[in-house]
Q: 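The structure follows.
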Amino acid sequence: MSNSKTAAPPAGARKRRKSTSAWLDFLCVLPALAFLLVFIYYPIVDLVRISFTDWNLIKPQYNYVGFDNWIWLFTGSGTKYLLNSLKVTVLYTAGELAVTIIGGIIFALIFNRMTKFFGTMRAIVFVPKYVAMSSAAVIFLWIFNKNTGILNHFLGILGIAPVDWLGDRNIALLSVLMLTGWRAIGYGMMIYLSAMMGISKDYYEAASLDGANAFQRFKSITLPLLSPTTLFLFVTTFISAMKVFQSVDILTSGGPYRSTEVLVYLVYQYAMRDFRIDRAATIAIVFFILLLIFTAATMKVSNKNVHYDS
Amino acid sequence: MASLSLEHIDKVYDNGFQAVKDFNLEIEDKEFIIFVGPSGCGKSTTLRMIAGLEDITSGTLKIGDRIVNDVEPKDRDIAMVFQNYALYPHMTVYDNMAFGLKLRKVPKDEIKKKVLEAAKILDLEKLLDRKPKALSGGQRQRVAMGRAIVRNPKVFLMDEPLSNLDAKLRVQMRLEISKLHQKLGTTIIYVTHDQTEAMTLGTRIVVMKDGVVQQVDTPHNLYHAPCNLFVAGFIGSPQMNFLDATVRVRGKEVYLELEGQEILLPASKGDKLIQGGYDGKTVVMGIRPEDVYDSQLMVSTSHAVYEETVRVYEMLGAEVFLYFDFAGTNMTARVDPRTNVRAGDKVKFALDINKIHIFDKETEATITN
């Protein structure tokens, strides 16, 4: 009997094969990388460049003006609009987060039963997510109409005076939130429902035997085990809420009295109404940095508080 | 500690499927009861009814003197170890063990004392700060047991607690559970489909099939005096050999006709066949593999000797299994590992007639036990 051994290839050949494979890998990701560079990273870098110019769409040329736009934004007349927009955006984002996460969880708990009736109810709650925001906003324009809207019609039946849903600066943001909340709550519910179904029944049974009542089971089992889902919903809703535009544009155009002027709308106003691309770019950079910081902070905090099922 | 009483317990699901049929059992305080049976026999359902995790369709369940049919699981004073342990993944080992006590508003100092005590018993002291995902299967199993024992319940329920462990760890944990029972002296009801666990752990075993209790007995009696074909076949590994044989009564002597040879039965077994009117009828003869011999001594003294060709030889170290075809069935013999017999050899086998079991072919009930 003879013992046959396969000789290992020489080190040089191994290294060559490895480097060829690395080049092949790189070639495969090159199209995606090129797309990212051209359409994502280059515009971000260019935005920084634009913020140091006086580019507006009226003049054919632009000049580099140093920190003029940044000084305008942080010490000049731009500050109050930025702060107002920040406040509106934070309020709106908090509202949408609350509706998506708290509303989503409540609806998921209510509809977490696999019967035909609850299936229909789930579909009804989720369907608004499929309605295009522009179409939904037009419908809500009518719903919120002070004189002919159905909302005020029902309030009238209850003997309540008509409310100027979109014209009152104290209520307008809430009205925008009602539209986005109507669309978001079903989405939150569906995401939570799928997560709840993934929690092993054994945990609840073990908790029941340990002496937990329904609320304690929810608090000690459901909520912690939903934390990865909550983190996902928090980050995605946070980013999308911070970027809200369409509903504000159609329902209120940022008004009345800038009470619904969110950050993206402010950028849009400067770029498309005032044609001040330079100022819009400056605000956009601030917005980008804020998003980046908040998302990074969220991820850091979540490392400690998000529990993944083993 | 407590006794349990299950009287005429039935479980019928909404779709009409009856999982448990007329289950009756009295469990004494400190007993280690095993529910054993194949998948779908209703053993886990019965355990879950005792836990309060399944409703009882009809019948009465008592823990101690109290009827607990409608009592919430948390108020039954029982603890359960689940098949997949069900350790809360977001809690540390300490918190997992302390959770039940916290909910019962036990003072913090006392919780700490109890958890540390349980951790010491189960050798978990160094793992108290870890989360379940950082534990091995055996450690998780011990935490699950710890969570149960800190509460000092009246009854422990264990639902196949060792089935997720590898063979070596299973043997080790089996011993741990046995020691724990001796130490705590609590009533334990243990569900398994592993007959080795059942035989080694239980003071009494409940064998179930299709929701019906087949036999409730000690491991020794189940093995040596099974009440029917199912129990005889289910308990013991390799399983009992079953052969069709015809009863021949000649005066006071009773023979079993097997493969053209008549085997004289011991009087104790023969009398029962006469009393049952089995003369001329076909019965099922059962013989355990260890009662089939290839040794020269047994072959020369036995009057039930057959010659067959060995199909398969299996060496297990301390024993050897020989497989061969006999009387239209596959026979297994468990023989001395020093045997010279190998696959393909023509060998004489002796059956130990004193150890055979005889069952009614129709009812499958035992005739001789």
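First the proteins, then the strands, lettered A, B, ... as listed; each starts at 1.
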Q: Could you tell me whether A/D210 and B/K102 have a side-chain N and a carboxylate O separated by less than 4.0 Å?
A: no

Q: Roughly how far, to the nearest 0.5 Å, is the CG atom of A/L225 from the OH atom of B/Y88?
A: 10.5 Å

Q: Would you say CG of A/D25 has more than 12 non-hydrogen atoms from neighbouring residues, nucleotides or ligands within 6.0 angstrom?
A: yes

Q: Please classify the contact between B/R48 and chain A as side chain, backbone, both or neither, with a heavy-atom cut-off of under 4.5 Å.
A: side chain

Q: Let's test your reading of the structure: which of B/M91, B/M80, B/R151 forms the most heavy-atom pairs below 4.5 Å with chain A?
A: B/R151

Q: I'd like to know whether CG of B/D14 has more than 12 heavy-atom contacts from other residues, nucleotides or ligands below 6.0 angstrom.
A: no

Q: How far apart are the closest heavy atoms of A/G211 and B/L103, and which atoms are they?
A: C-CD1, 3.8 Å

Q: For B/A51, is it the side chain, the backbone, both or neither that has a heavy atom under 4.5 Å from a heavy atom of chain A?
A: both

Q: Say whether, by atom type as modelled, one donor and one acceptor occur between the side chain of B/H90 and the main chain of A/S220 under 3.5 angstrom.
A: yes

Q: Let me confirm one number: the OG-CZ distance from A/S200 to B/F82, rounded to the nearest 0.5 Å.
A: 8.5 Å

Q: If I measure from the heavy atoms of chain A, does B/K131 come under 4.5 Å with its side chain, its backbone, both, or neither?
A: side chain

Q: For A/L209 and B/P73, which heavy atoms make the closest approach, and how far apart are they?
A: CD2-CB, 3.9 Å

Q: At their closest point, which heavy atom of B/L87 faces which heavy atom of A/Y203, and how far apart are they?
A: O-CE2, 3.1 Å

